[in-house]
Number of protein chains: 2
Amino acid sequence: MAEASLKKAVYEQLARIGKAVASPPRLELLDLLCQGPRTVEGLAREAGLSVANTSQHLQILHAARLVEARKEGLFVTYRLADQQVCEFYRTLRTLAESRLAEIEAIVRMFNSGRESLEPVEKQALLERVRRAEVIVLDVRPPEEYRAAHIPGAVSIPLKELKAHLSMLPRGREIVAYCRGPYCVLAVEAVKLLCAKGFRAVRMDYGVPEWRAEGWPVTGGEDPR
Amino acid sequence: MAEASLKKAVYEQLARIGKAVASPPRLELLDLLCQGPRTVEGLAREAGLSVANTSQHLQILHAARLVEARKEGLFVTYRLADQQVCEFYRTLRTLAESRLAEIEAIVRMFNSGRESLEPVEKQALLERVRRAEVIVLDVRPPEEYRAAHIPGAVSIPLKELKAHLSMLPRGREIVAYCRGPYCVLAVEAVKLLCAKGFRAVRMDYGVPEWRAEGWPVTGGEDPR
DNA sequence: CGATTATTCAAGTGTTCGATTGATTAATGG
DNA sequence: CCATTAATCAATCGAACACTTGAATAATCG
């Protein structure tokens with residue numbers, strides 16, 4: 001009767017969100033959208049999906065009200081429906097990290113030991129970044145930097161890093177960051193910089209993590 | 001290459017959790033497990049599913065490491081793998097509530113106006129419950145009360161309420177609670193109590209909500 | 001207006017999922 | 001050691017999903 005259908009209806013609604021995050025490509029799209037708004041084409045390119053496929057996945061995310069679409073000229077720009085969606089994605093990631101040992105194993109395999117900082121070291125690094133005591137380098141694509149970045153950060157997308165090394169000082173320490181803990185852009189950047197004789201380390205925080213700590217970010221006019 | 005497979009692998013892991021919460025019956029099972037450990041049969045009965053079906057859903061939740069199974073004699077008891085899982089479920093629910101207008105509509109349709117308290121009233125009610133200034137009545141099944149309940153609460157399962165009305169004082173105000181905002185047990189209990197001349201109101205907090213506020217709960221020895 | 005480009009739609013196909021059914025395993029108790 | 005009970009397994013079938021392909025739509029610009 002009434003109770004049973006109430007219950008059923010509510011769980012069906014919750015499952016709409018669940019279904020939205022039940023697919024690896026959709027999670028990747030969400031991850032990208034946490035960096036800032038993007039067109040369908042941009043998302044498709046970044047995630048390595050076909051445009052049609054990307055469009056369909058975005059529609060599923062839209063049906064779950066996790067993202068919004070806005071037509072701007074010839075392009076459709078998708079963005080998170082709410083900052084809360086990013087928080088939810090991060091909660092999901094945190095849960096996965098602590099429950100699924102596989103994730104740590106995957107990351108460890110990739111990092112091959114070099115990258116892992118002690119928690120204490122990491123806190124000290126964050127603090128120095130926050131106080132702008134080091135050169136902070138944002139190696140994400142320019143539109144993501146434009147959408148939001150850590151205050152004081154310099155933007156040199158990884159692709160252009162090799163060509164713009166002269167923009168960086170040799171004496172001071174460089175801290176590179178990208179999208180977050182699972183993004184490899186900053187790892188690559190540090191590898192390159194160190195090879196060229198710079199003093200560089202990676203910070204595994206991205207803008208979402210930075211923001212989640214309550215620290216301010218720059219950019220993202222977001223003119224609704 | 002390596003980067004692509006790292007990314008893919010991580011998103012696949014996250015999707016394991018997503019898939020686990022992409023099905024209404026699994027969400028209901030999680031909801032029940034947030035109240036405390038339960039056998040397969042108990043969960044099946046409570047959720048209105050077949051035992052075989054319930055067992056299969058529980059195995060999917062287990063594969064995502066959200067729940068743990070322990071054989072105790074002839075029964076297998078399932079429980080949340082971690083309190084963090086309950087928090088995650090609540091985060092999902094909060095997101096759904098704020099993003100999906102449908103949920104509010106469903107609840108409003110069921111409550112038909114009577115039940116909705118003003119936020120201020122609600123805070124005051126919680127405070128009075130916390131200070132044990134009212135009779136607090138737990139109308140959930142006894143095993144859930146045993147697993148954890150609000151300090152000072154009296155347990156009278158809804159099914160036995162009619163037969164045990166004499167256990168309740170007529171003068172003092174009664175606050176009934178059950179599993180949480182979408183559970184109808186307390187609504188039914190209040191309906192019955194008011195019809196019998198008691199002064200009773202419903203509190204839409206359950207133990208998980210209570211706990212999430214940082215308030216203590218009683219019970220749940222949990223002898224691992 | 002016609003060409004171009006970004007996006008979506010529609011159809012097709014192979015795969016996975018969800019629930020049911022009946023058989024099987026595992027622990028308990030007479 | 002057989003009967004009982006709880007839970008799982010295995011097989012099945014229809015529904016839902018994921019991705020591809022090619023066509024359709026919609027905005028822009030020469």
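Within every chain, numbering begins at 1; the chains are lettered A, B, ... in the order of the sequence lines, protein sequences first and strands thereafter.
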Side chain of Q56(A) - closest among dC17(C), dA10(C), dA7(D):
dA10(C)

N-O pairing of R93(B) and E209(B) below 4.0 Å:
yes

Rounded off to whole Å, could you give me the CD-to-P distance for the E41(B) and dA6(D) pair?
4 Å

Distance in angstrom units between R70(A) CZ and dA26(D) P, rounded:
21 Å

Distance check needed: dA27(D) C1' versus E72(A) CD, whole Å only.
13 Å

The side chain of Y78(A) is closest to which nucleotide in this list: dT8(D), dC19(D), dT8(C)?
dT8(C)

Between L58(A) (CG) and dA18(D) (C1'), how many Å, whole number?
15 Å

Determine whether the side chains of D204(B) and Y177(B) contain a donor N or O and an acceptor N or O closer than 3.5 Å.
no

Would you kindly give the CZ-to-P distance between F75(B) and dT8(D), to the nearest whole Å?
13 Å

If you draw a 6.0 Å radius around CD in Q83(A), do more than 12 non-hydrogen atoms from other residues or ligands fall strictly inside?
yes

S50(A) side-chain N/O to dT20(D) phosphate OP1/OP2 under 4.0 Å:
yes

Answer yes or no: does a side-chain N or O of N53(B) lie under 4.0 Å from OP1 or OP2 of dT20(C)?
yes

Distance check needed: dT8(D) P versus L61(B) CG, whole Å only.
12 Å

Evaluation steps, side-chain hydrogen bond (donor to acceptor under 3.5 Å, both in side chains), between S55(B) and Q59(B):
CA-CA 6 Å; S55(B) 172; Q59(B) 283 171 61; 3.1 Å; yes

Measuring to OP1 and OP2 of dT7(C), would you say a side-chain N or O of S55(A) lies under 4.0 angstrom away?
no

Name the nucleic acid region contacted by Q59(B), choosing base, sugar-phosphate or nothing; use a 4.0 angstrom heavy-atom cut-off, strictly under.
sugar-phosphate

Toward the 5' end of DNA chain D, by each residue's nearest nucleotide, L49(A) or L74(A):
L49(A)

What is the distance, to the nearest angstrom, from the NZ atom on K71(A) to the P atom on dT7(C)?
8 Å

Side chain of I60(A) - closest among dG18(C), dA18(D), dT7(C):
dA18(D)

Out of dA7(D), dT8(C), dA27(C), whichever nucleotide has its closest atom nearest the side chain of V51(A):
dT8(C)

For a quick check of understanding: with a heavy-atom distance under 4.0 Å over all strands, which category does T54(B) fall into, base, sugar-phosphate or nothing?
nothing

Can you see if the side chain of H57(B) gets near the phosphate of dA19(C) - specifically, an N or O under 4.0 Å from OP1 or OP2?
yes

What contact category does V76(A) fall into here, base, sugar-phosphate, or nothing, at under 4.0 angstrom with non-hydrogen atoms?
sugar-phosphate

Spacing of L27(B) atom CG relative to dC17(C) atom P, expressed in whole Å:
16 Å

Closer than 4.0 angstrom, basic N to acidic O: yes or no for K191(B) and E188(B)?
yes

